Enquirer: 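I'd like to ask some things about the structure below.
This one's a predicted model, so the numbers in the text were calculated from it and none came from an experiment. Sequential numbering from 1 along the given sequence is applied to the chain's residues.
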Amino acid sequence: MRKYKRQENENYKYALTNLNLRESKSTSSNVITVIPAGSKIQVIDAAEDWYKVMYNNQRGYVYNQYLSKTKYTWTDVFLRSYPSSESNAITLVPSKSRVQVLKSQGDWDHVIYNDQEGYIFNYFLSDDGNPPGAYDFEYFYTDMTRFVNDNNIKSPTTNLITTDLANKITYIFEKGDNSQWILIYQWSCTVGKPETPTITGTFYVSGRKPFFGSDTYLVKYATRIKGSYYYHSILFNPEGTEIINDTLGEALSHGCIRLAVENAQWIYDNVLDTTTIVIN
């Protein structure tokens, strides 16, 4: 049986380079301090390309491109001293453990687990802590209703969300009287570009923000998928008064899933926390 894992808060990340801690979400804002490469940083909140963090009792914002990426092991796996199965094992990392990825080197990821640095064969890492291919995806891209019902996907609420990254479509389901999922909405969406892809796996709605942004844009009706990944509206100007990019059906975001304003608002207003999300 499929094992579901509720996502924990991403409490800490690591600086990949010397990193400016800024007063606000803008590259033109004042620099509070420079965080040295390799430093452990406490994450307070995250919204797409900026993280609100605490470092040395100083609170500010950092750009997420320069932070480690969170992954989960889906089986017990050794953390090794070098990117080779013949290298010494530092420790055994249990299934469902959170690791911070510093860099990928071919089939190996350079990671930190419990403040121990080493390498893990990256086939054993995923965005959601579940193994690849745990679902039967035969109908995922052609008949989403059949996919969710054939796989008997569970959700703690009366709704279920799925997003097809290949066709760039988000689906909203409602639980019927016979516990079958009924498709109620199907919306075009914009997903992550190749260099900042949208995460894949099974997740659970974990909060929402009426808006967030920076000095160059603002988005509205943001519903959290996991960490800094959200369903949210297309892009507005920083004041939130005018749409500046209404593109849908493309791969060009920082990893979040953009929807038409009214569709993002529907999720924000109607979909409860803990609702299951499947993205592939």
Enquirer: Are K96 and Y72 in a cation-pi setup, meaning NZ or CZ lies under 6.0 angstrom from the ring centre and within 45 degrees of the ring axis?
Expert: no

Enquirer: Let me check something: do I172 and Y221 share a hydrophobic cluster, defined by ILVMFWY side-chain heavy atoms less than 4.5 Å apart, either directly or through other members?
Expert: no

Enquirer: Contact between L125 and Y123 at the side-chain level, heavy atoms closer than 4.5 Å - yes or no?
Expert: no

Enquirer: Check whether N122 reaches the backbone of G106 with its side chain - one donor and one acceptor, N or O, closer than 3.5 Å.
Expert: yes

Enquirer: Step by step, would you call R224 with D45 a salt bridge (charged side-chain N to carboxylate O under 4.0 Å, His left out)?
Expert: CA-CA 11 Å; R224 191 192 303 271; D45 193 16; 3.0 Å; yes

Enquirer: Y268 and H232: aromatic ring centres closer than 6.0 Å?
Expert: no

Enquirer: Would you say the side-chain atoms of N151 pair up with the backbone N or O of I153, donor to acceptor, closer than 3.5 Å?
Expert: no

Enquirer: Could you name each residue pair satisfying side chain to side chain donor-acceptor pair (under 3.5 Å) that touches residues 163-188, not counting sequence neighbours?
Expert: T163-T170, T163-Y231, D164-N167, W187-N263

Enquirer: Got a second to check how far N159's CG is from N270's CG, nearest 0.5 Å?
Expert: 7.5 Å

Enquirer: Under 4.5 Å between any side-chain heavy atoms of V93 and I120, yes or no?
Expert: yes

Enquirer: Test of understanding: clusters of I, L, V, M, F, W, Y form through side-chain heavy atoms closer than 4.5 Å, transitively. Do I90 and F78 belong to the same one?
Expert: no

Enquirer: So, do R80 and W108 sit near enough that their side-chain heavy atoms are less than 4.5 Å apart?
Expert: yes

Enquirer: Ion pair present between D273 and R208, side-chain N to carboxylate O less than 4.0 angstrom?
Expert: yes

Enquirer: Is there a chain of hydrophobic side chains (I, L, V, M, F, W, Y, each step under 4.5 Å between heavy atoms) that links I243 to L248?
Expert: yes

Enquirer: Using residues 191-198 as the side-chain source, report each donor-acceptor pair under 3.5 Å to any protein atom, sequence neighbours left out, with the distance given to one decimal.
Expert:
from : atom 1 : to   : atom 2 : distance (Å)
T196 : OG1    : S253 : O      : 2.9
T198 : OG1    : G192 : N      : 2.9
T198 : OG1    : G255 : O      : 2.9

Enquirer: Identify the residue among R98, K71, K226 that makes a salt bridge (Lys or Arg N to Asp or Glu O under 4.0 Å) with D127.
Expert: K71

Enquirer: Once salt bridge (Lys or Arg N to Asp or Glu O under 4.0 Å) is applied, do any residues pair with D115, and if so which ones, sequence neighbours excluded?
Expert: K40

Enquirer: List the steps and the verdict of ring pair (Phe, Tyr, Trp, His ring centres under 6.0 Å) for Y230 and F212.
Expert: CA-CA 11 Å; Y230 290 80; F212 67 78; 5.2 Å; yes

Enquirer: Judged by modelled atom types alone, do S26 and S24 share a side-chain donor-acceptor pair under 3.5 Å?
Expert: no

Enquirer: Kindly write out the residues that satisfy ring-ring contact (aromatic ring centres under 6.0 Å, His included) with F147, not counting sequence neighbours, or none if the list is empty.
Expert: Y135, F137, F140

Enquirer: Indicate whether any N or O donor in one side chain lies under 3.5 Å from an N or O acceptor in the other, for D109 and S104.
Expert: yes

Enquirer: Using a 4.5 Å cut-off on heavy atoms from C-beta on, say whether the side chain of H254 contacts that of Q65.
Expert: no

Enquirer: A quick test of your reading: do over 12 heavy atoms of other residues, nucleotides or ligands sit less than 6.0 Å from OH of Y66?
Expert: no

Enquirer: Does a side-chain heavy-atom distance below 4.5 Å link V53 with L21?
Expert: yes

Enquirer: Could you state whether V219 and I277 fall into the same hydrophobic cluster, counting links through intermediate Ile, Leu, Val, Met, Phe, Trp or Tyr residues with side-chain heavy atoms under 4.5 angstrom apart?
Expert: no

Enquirer: Please tell me whether L272 and I225 are part of a single hydrophobic cluster in this structure, the criterion being side-chain heavy atoms less than 4.5 Å apart.
Expert: no

Enquirer: Quick one, T73 and F124 - any side-chain contact, counting heavy atoms below 4.5 Å?
Expert: no

Enquirer: Residues in side chain to side chain donor-acceptor pair (under 3.5 Å) with S126, at least two apart?
Expert: D128

Enquirer: Let me confirm one number: the CZ-CD distance from R59 to E23, rounded to the nearest 0.5 Å.
Expert: 14.0 Å

Enquirer: Only counting residues at least two apart or in another chain, list the ones meeting salt bridge (Lys or Arg N to Asp or Glu O under 4.0 Å) with D150.
Expert: R146

Enquirer: For the pair N237 (side chain) and E242 (backbone), establish whether a donor and an acceptor sit closer than 3.5 Å, ignoring hydrogens and angles.
Expert: yes

Enquirer: So how far is it from T91 OG1 to L79 CG, rounded to the nearest 0.5 Å?
Expert: 7.0 Å

Enquirer: Looking at side-chain heavy atoms only, is the closest gap between Y51 and L67 below 4.5 Å?
Expert: yes

Enquirer: A side-chain contact here means heavy atoms from C-beta on lying under 4.5 Å apart; do Y55 and I32 qualify?
Expert: no

Enquirer: What's the spacing between M54 CE and Q42 CD if we round to 0.5 Å?
Expert: 6.0 Å

Enquirer: Distance-only, no hydrogens or angles: does the K220 side chain make a donor-acceptor pair with backbone N or O of G240 under 3.5 Å?
Expert: yes

Enquirer: For the pair T202 and T276, evaluate side-chain contact (heavy atoms from CB on, under 4.5 Å) and give the outcome as yes or no after the intermediate values.
Expert: CA-CA 7 Å; T202 302; T276 300; 3.9 Å; yes

Enquirer: For Y141, does the OH atom sit with more than 12 other heavy atoms under 6.0 Å from it, leaving out its own atoms?
Expert: yes

